[in-house]
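For ligands, and for the atoms within them, numbers begin at 1 and follow the listed sequence. A quick note: this is a predicted structure, and the numbers were derived from the prediction, not measured.
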Amino acid sequence: MIVAMQDNATDEQIQHVIERMVELGFNVHRTTGETQTILAGVGTPAHFEVTEFQVLGGVAQAYRISSPYKLAGRGFRPEGTRVTFPNGLVVGGEEVVVMAGPCSVESREQIRLSAQQVAAAGGQFLRGGAFKPRSSPYSFQGMGLEGLKLLREAADETGLLVITEVMEISQIELMLPYIDCFQVGARNMQNFNLLRELGHVRKPVLLKRGIAATIEEVLLSAEYILSGGNYDLMLCERGIRTFETYTRNTMDISAIPVLKKLTHLPVLGDPSHGVGKRDLVPPMALASVAAGADGLLMEMHPNPDKALSDGAQSLFPEQLTKLVERLRRLAPVVDRVIAPAVSKIHA
Ligand code: PEP
Ligand code: MN
C-alpha cells in the first residue's frame, strides 16, 4: 500500500498513519520530500481496507498495490490451470472447447435432439438448465431432477459432457451423479455460501460474471471456491449491464484478455447472454476466441421459435455447425485449435 500525505500534514498525523500500518503488519518505508511525505507499506496483511487510510487525518491518497485475491492471481500458478474432465478433455490448454445446448431442458425429445445436433456440430459439452433463475416467478422454472436425468441420458448417448446450473446449496448433492460441471449463473456470482460449498466438491465449476460485477469482484468470488480447495474452476464472461439497450447486455470482450492476464484460471465467453440476439452471437463468439477465450458457452435449440426460455438468442442447429467450422479456421491465428468433436475423443 502507498499512502501519500497532504502537503500540510502534521508530524502527529504522519506518526498516526505509520503506527496503524505497523499495527496491521506492514513494513513501512518513509520518504520525505520538500513538501510531501510518502509512506510505502510493504507486506500483505491478511485484512486491511485501503479506505480506512484514505479517510485518516492528513492523508491525500492511499492506494492498494497488492491484489486482494491470492489464490486466483496469475502469480499463484503462472503456467495456468488446466481442468481435466473424465473423458480426458482438458480446458485451459491449447484446445478451445465448445459448450452448447438449449437454455432449458424442456423434454426428452428436445434435449436428445439438441445433444445430437451439438455433437454433430463438433461441440464437447451439452448445456441446458434444469434449475432456472428466471427474472419473473411466472416464467418456466425448469424441470428439476427430471431435467438432470434427461441431460445425462442425452449426453451419454452422444459422448458429450454435461454442464448445468446450480442455484442453491441443497441442489449440489442431487446434481453430483448427473453432471460433469457445475455452472454458477450471473445472479449467483455473489452467493457466497453457495461458492464456499462448491469449494468443497470435487467436480469442476464454471463461474459466470455477475450482471454488474467488476473483474475484481469476479476474482474475489473465484477466491471463495479456490480457498475451499476446488481448483477445477473456470470463469465466464457473459455480458454486463450498461446504458446500451440494443443488446440484452454488453459483451465485455476486453474482460477475456484482462482475466487471462490477472488469473491462471481458464476463461470462457458466453456470447448468447452477452448480446441476446442470435444473429450477433457468431461474431461475438469469433471475437471471444480471437481475444483468447479457452471455450464458448452458447445457446442452441432444435426449434428456437418454440423455446421455453431465451429463444431469441438461441442459434439454429445449422448456425452452430457453420460457426464451429469458422472457429476452426480462426483458432490457428491465435495459436489455438478447436477441441475435436466427441466421436474423435472416444476413438
Ligand atoms: C444460462 O446460462 O442460461 C443463464 C441463466 O446464464 P446467466 O447466469 O449468465 O444469465
Ligand atoms: Mn439462458
At less than 4.0 angstrom from any non-hydrogen atom of [X], what atoms of ligand 1 do you find?
{"X": "Cys103", "answer": "3 (O)"}
{"X": "Gly185", "answer": "8 (O)"}
{"X": "Arg187", "answer": "7 (P), 8 (O), 10 (O)"}

Nearest non-hydrogen protein atom, [atom]:
{"atom": "atom 7 (P) of ligand 1", "value": "Lys208 NZ, 3.5 Å"}
{"atom": "atom 9 (O) of ligand 1", "value": "Arg238 NE, 2.6 Å"}
{"atom": "atom 3 (O) of ligand 1", "value": "Arg127 NH2, 2.9 Å"}

*asked:* Tell me whether Arg20 forms a cation-pi arrangement with Phe26, defined as NZ or CZ under 6.0 Å from the six-membered ring centre and within 45 degrees of its axis.
replied: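 Pair Arg20/Phe26 does not count as cation-pi.
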*Do we get Lys322 above Phe316's six-membered ring, with its NZ or CZ under 6.0 Å from the centre and within 45° of the axis?*
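Not flagged: Lys322 not positioned over aromatic ring of Phe316.
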*Which is the closest N/O/S atom of Asp310 when seen from the Mn ion (ligand 2)?*
OD2
*asked:* Check Asp180 with Arg152, please: is the shortest side-chain N to carboxylate O separation under 4.0 Å?
replied: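 Here Arg152 pairs with Asp180 in a salt bridge, since their nearest N and O are under 4.0 Å apart.
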_Check this for me: does any side-chain nitrogen of one of Arg248 and Asp310 sit under 4.0 Å from a carboxylate oxygen of the other?_
yes
_Given the Mn ion (ligand 2) as the apex, I'd like the angle to OE2 of Glu299 and SG of Cys103, rounded to 10 degrees._
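Roughly 90°, rounded to 10°.
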_Checking the N or O distance criterion of under 3.5 Å, is ligand 1 in contact with Ala186?_
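Right, the criterion is met.
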_Against ligand 1, does Glu165 come closer than 4.0 Å with any heavy atom?_
yes
*Pick from His273, Met167, Arg209: the one approaching atom 4 (C) of ligand 1 most closely through a non-hydrogen atom*: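 Looking at heavy atoms only, the winner is His273.
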